[in-house]
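Written out below as structure tokens is the structure these notes cover.
Below, each value reflects all heavy atoms present in this structure, side chains not excepted, and no hydrogens, waters or symmetry copies. Both counts, for ligands and for their atoms, begin at 1 and track the order of listing.
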Amino acid sequence: MARSSRRFVCQSCGTPYFKWQGFCAACGSDNSIVEERAVSGGRGGRNKATPIAFTTLDSKSETVARLRSGIGELDRVLGEGLVPGSVVLVGGDPGIGKSTLLLQAAARWAAGGIPTAYISGEEATAQIGMRAARLGLDAPQLRIAAATEVGEILAGLNEEPRPRIAIIDSIQTMFSDGLDSAPGTVAQVRASAHAFVEHAKRNECSIVLVGHVTKDGQIAGPRVVEHMVDAVLYFEGDRGHQFRILRGVKNRFGPTDEIGVFEMTDKGLMEVSNPSSLFLGEREGEASGGAVFAGIEGSRPLLVEIQALAAPSQQATPRRAVVGWDSGRLAMIIAVLETRCGLAVGANEIYLNVAGGLRIGEPAADLAVAAALMSSLSDLPVPAGTVIFGEIGLSGEVRPVGQTDARIREARKLGFNRVVLPAGGRYTKTDMDIVEIDHLRDLLAWFATRGADNLLERG
Ligand code: TYD
Ligand code: MG
């Protein structure tokens with residue numbers, strides 16, 4: 001006997017409650033708790049259930065062919081294409097380009113001979129057609145539909161010829177007739193996602209779910225979806241810049257730290273196969289406060305400029321603002337500069353920006369951040385042609401980081417001739433000028449030899 005019980009669920013984080021309340025104690029959202037009717041019980045377990053069927057590991061040992069779109073930047077983030085029967089969630093801000101990217105990918109999959117369907121809950125088929133025409137997509141095989149009811153969509157996906165890839169744009173617009181909550185609520189999103197996951201696993205149909213993200217960086221409500229799917233990709237970027245980054249944050253079948261770089265043009269999203277040149281493109285000559293960091297994003301080296309601005313402040317607690325990097329790490333580096341290197345930073349407002357809108361997570365950027373700060377404080381530019389990387393410890397020691405050779409090679413390829421790196425790391429000798437740094441003091445000394453005496457508090 002199925003029994004219906006009342007419960008209340010926060011629509012933003014999914015926390016259940018026994019009774020309604022005005023705010024969620026778990027995530028702090030106001031007015032986000034809504035009643036949901038949960039069906040529990042069922043057949044009461046044990047006796048009547050059909051036993052599950054077991055299989056063995058070697059029964060499926062042939063390697064599955066991945067479904068490549070031919071869009072290299074997308075395929076790489078997926079782990080060389082979609083795994084048949086897998087479910088991928090693509091999240092991102094509204095308007096960032098998710099529908100554009102997935103329509104382009106769907107057309108490529110279809111044109112490549114993989115039966116593909118694109119189902120939109122947000123646009124009519126005529127609008128999808130107009131978008132496809134504008135993007136210059138040529139894929140008469142691609143099947144498109146405008147629908148929002150999960151049962152109808154699954155019935156459509158079960159008709160021959162069955163699509164091997166289905167794109168659901170977006171999960172927030174989907175609803176299941178069996179549930180009486182509104183589309184977009186946690187209950188609907190969870191139930192719809194569950195139905196699509198079931199379909200994917202049963203029919204070896206890969207499903208890409210599109211999900212809109214709220215301003216606090218979480219996929220609106222349906223964070224619950226993240227753990228149901230095989231891979232979660234975020235499409236990031238800001239409207240002010242034309243490039244977009246597809247970042248793998250979870251992937252059961254591939255790398256998670258990989259990024260794909262795209263540029264939004266009037267013909268849709270174009271792949272950027274040499275992102276370093278894009279991120280450095282906006283640099284204007286030698287200016288103080290800028291340092292080029294030789295980073296690694298996923299499997300690829302990527303050069304980006306880190307900019308710092310130190311401005312005198314009259315405030316008791318001077319402002320510190322960071323874009324594209326962790327503010328806690330900036331605070332740590334400032335503290336290390338002050339206590340281990342005797343540098344007077346305290347009374348300055350500090351602004352740190354990763355040029356171009358990229359977000360960096362690597363601790364290897366520490367040394368470049370420190371160099372940008374020193375450069376801004378001393379008003380001395382980091383010499384042209386220099387790239388910097390290295391992790392900084394609390395005592396001011398500089399620690400080696402991975403993939404030194406790849407970083408040096410990328411810098412060399414882009415015309416740089418000097419590398420400031422941690423002492424003690426292993427790398428292959430090239431014609432690059434190498435400056436080894438053991439302690440943050442050495443970096444300061446390196447600046448000082450270039451006339452930055454004003455940096456040191458005591459002469
Ligand atoms: P869209 O893919 O609809 O975003 P999402 O699905 O993530 O909400 O992208 C919409 C934006 O992209 C819109 O502001 C216009 C811009 N755009 C272009 O610049 N060029 C194009 O070719 C297309 C189709 C859209
Ligand atoms: Mg869209």
Is Arg247 positioned over the aromatic face of Tyr234, cation under 6.0 angstrom from the ring centre and no more than 45 degrees off axis? no
Apply salt bridge (Lys or Arg N to Asp or Glu O under 4.0 Å) to the pair Glu80 and Arg66, showing each step before the final yes or no. CA-CA 7 Å; Glu80 298 313 318; Arg66 302 223 174 194; over 6 Å; no
How about Ser327 and Arg320: does a side-chain donor come under 3.5 Å of a side-chain acceptor?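 Result is no, nothing qualifies.
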Determine whether the side chains of Ser276 and Glu410 contain a donor N or O and an acceptor N or O closer than 3.5 Å.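 Indeed, the side chains of Ser276 and Glu410 share at least one donor-acceptor pair under 3.5 Å.
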Nearest protein heavy atom with distance in Å, relative to [atom]:
atom: atom 4 (O) of ligand 1; answer: Gly97 N, 3.1 Å
atom: atom 2 (O) of ligand 1; answer: Thr100 OG1, 2.5 Å
atom: atom 11 (C) of ligand 1; answer: Gly95 O, 3.5 Å
atom: atom 16 (C) of ligand 1; answer: Met264 CE, 3.9 Å

Just by distance, do the side chain of Asp75 and the backbone of Gly72 share a donor-acceptor pair under 3.5 Å?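 Answer holds: no.
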Mark yes or no for whether Arg202, through its side chain, and Val197, through its backbone, hold a donor-acceptor pair below 3.5 Å.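 Flag not set: sc Arg202 to bb Val197 has no pair under 3.5 Å.
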Counting heavy atoms only, which part of [X] comes closer than 4.0 Å to ligand 1: side chain, backbone, both or neither?
X: Pro94; answer: backbone
X: Lys98; answer: both
X: Asp93; answer: backbone

Look up atom [atom1] in [X] and atom [atom2] in [Y], then write down how far apart they are to the nearest 0.5 Å.
X: Ile408; Y: Thr430; atom1: CD1; atom2: OG1; answer: 5.5 Å
X: Asp326; Y: Met332; atom1: CG; atom2: CE; answer: 10.0 Å
X: Ile207; Y: Ile119; atom1: CD1; atom2: CD1; answer: 8.0 Å
X: Glu204; Y: Arg162; atom1: CD; atom2: CZ; answer: 11.5 Å
X: Leu269; Y: Thr100; atom1: CG; atom2: OG1; answer: 5.5 Å

Heavy-atom gap Thr265 to ligand 1 smaller than 4.0 Å: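 Checking ligand 1 against Thr265, which is what was asked, there is a heavy-atom contact under 4.0 Å.
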Please verify whether a non-hydrogen atom of Leu101 lies at under 4.0 Å from ligand 1.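 No, Leu101 has no heavy atoms under 4.0 Å from ligand 1.
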Distance flag for atom 13 (C) of ligand 1, protein heavy atom under 4.0 Å: no
Before signing off on this row, confirm whether Ser99 and ligand 1 have an N or O atom pair separated by under 3.5 Å.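 Yes, since at least one N or O of Ser99 sits under 3.5 Å from an N or O of ligand 1.
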Under 2.8 Å from the Mg ion (ligand 2), how many protein N/O/S atoms can be counted?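 That number is 1, waters not included.
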